[in-house]
Chemist: 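Starting off with a structure, shown below.
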Amino acid sequence: NPNGPMVMDEDGNMTGVKVSWSANGTWASTGRGEENNCLTGSDLAMMTGYLDTNNDSNTGVLVTGIPASEPYDLYVYAQGGVVGRGGSYRVVDANTGAALTDWQQVQTPDCPEMFVQAPANSDPAVWEAGNFILFCDLNAEDIMIQASTKVDPDTNVDLGFPAGGTQRASLNGAQIVFPA
């Protein structure tokens, strides 16, 4: 959103949740690969604008003020307008720096006509195809969503997709859902 992130509840009311980010670049285009994601309407529009993470860089999205009195699920959308690229994603507690999830290695599928969940996988050698990741049962009030193509300094695992070309760990959007 060019006016800043929209943080609303299911009824469309603004909340006290705040969002900020740091990224290599912010992209919103129509034509440089977006025609290959095959989504339509507002789904295509969401997957066209994204935070860009290229070779050896990180993107961080800070979300603060989540009413975390009960566990919630986090959907991270990652198509980036460019198919067949990938990166790694995880969630950390923004106050302590503790990892709340493992890194998920994800590659974008070719021409998805719908949202495709990347299966959860903690094997750093396996890249799962999907354009969204689901992180379940989080409970921190302040989180950092991390997208990376760097080497993890703790494990020495390369977080960039090994297909060649410019790496991408794009981030199109995030959605917090409190289970009913």
Side-chain angles (χ1 to χ4, degrees), residues 1-10 12 19 21-61 63 72-91 101-136 138 143 145-150 158-179:
N1 179 350
N3 299 316
M6 296 182 298
V7 184
M8 297 179 288
D9 66 17
E10 63 188 44
V19 179
W21 62 83
S22 62
N24 177 60
T26 302
W27 293 85
S29 60
T30 54
R32 189 185 169 277
E34 284 77 17
E35 68 277 5
N36 296 323
N37 79 38
C38 297
L39 294 165
T40 60
S42 59
D43 293 337
L44 174 62
M46 182 179 84
M47 292 304 205
T48 298
Y50 56 96
L51 297 177
D52 192 31
T53 306
N54 64 7
N55 288 344
D56 198 29
S57 68
N58 290 326
T59 291
V61 176
V63 183
Y72 55 88
D73 297 337
L74 173 68
Y75 292 80
V76 174
Y77 298 93
Q79 178 73 32
V82 180
V83 299
R85 305 285 174 84
S88 298
Y89 302 83
R90 76 173 177 178
V91 182
T101 68
D102 290 332
W103 285 105
Q104 295 295 307
Q105 286 79 13
V106 177
Q107 62 176 315
T108 57
D110 289 338
C111 200
E113 296 178 2
M114 64 185 94
F115 291 105
V116 179
Q117 180 179 349
N121 183 1
S122 60
D123 183 345
V126 176
W127 290 80
E128 300 291 355
N131 56 14
F132 80 88
I133 307 142
L134 175 58
F135 296 108
C136 296
L138 303 176
I143 60 172
I145 304 167
Q146 297 178 326
S148 184
T149 59
K150 287 187 170 187
D158 188 349
L159 301 174
F161 186 56
T166 302
Q167 297 292 321
R168 289 282 189 270
S170 58
L171 208 152
N172 298 81
Q175 179 181 20
I176 295 171
V177 177
F178 287 89

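These numbers were taken from a predicted model, which means no experiment stands behind them.
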Chemist: Between E128 and N121, what is the shortest heavy-atom contact and its length?
Modeler: OE2-ND2, 3.0 Å
Chemist: Among L134, V63, V91, whose side chain to side chain contact (heavy atoms under 4.5 Å, CB included) with L74 holds?
Modeler: V91
Chemist: At what distance, to the nearest 0.5 angstrom, does CG of D158 lie from OG of S148?
Modeler: 9.0 Å
Chemist: For L44 and L39, work out which heavy atoms get closest and say how close.
Modeler: CB-O, 3.4 Å
Chemist: For the residue pair A169 and S88, what are the closest heavy atoms and their distance?
Modeler: CB-N, 4.2 Å
Chemist: Looking at NZ of K150 and CG of L159, how far apart are the two atoms once the value is rounded to the nearest 0.5 Å?
Modeler: 10.5 Å
Chemist: Could you report the tightest heavy-atom contact between A23 and L51, atom names first, then the distance?
Modeler: CB-CB, 4.0 Å
Chemist: Got I143 and Y72 here, is their nearest side-chain heavy-atom distance under 4.5 Å?
Modeler: yes
Chemist: What closest approach, in Å, do Y75 and V177 show between heavy atoms, and which atom pair accounts for it?
Modeler: CE1-CG2, 3.7 Å
Chemist: Using only atom types and a distance under 3.5 Å, with no angle test, would you say the side chain of Y89 pairs donor to acceptor with the backbone of S170?
Modeler: yes
Chemist: So which atom in W127 and which in Q107 form the shortest heavy-atom distance, rounded to 0.1 Å?
Modeler: O-NE2, 3.5 Å
Chemist: Regarding N131 and T108, do their side chains bring together a donor and an acceptor under 3.5 Å, going by distance alone?
Modeler: no
Chemist: Are the side chain of N172 and the backbone of Q79 linked by a donor-acceptor contact shorter than 3.5 Å?
Modeler: yes
Chemist: F132 vs F115 aromatic rings, parallel, tilted or perpendicular, using cut-offs 30° and 60°?
Modeler: perpendicular
Chemist: Working to the nearest 0.5 angstrom, can you tell me the gap between I176 CD1 and L138 CG?
Modeler: 8.5 Å
Chemist: Got a second to check how far I133's CD1 is from Q105's CD, nearest 0.5 Å?
Modeler: 10.0 Å
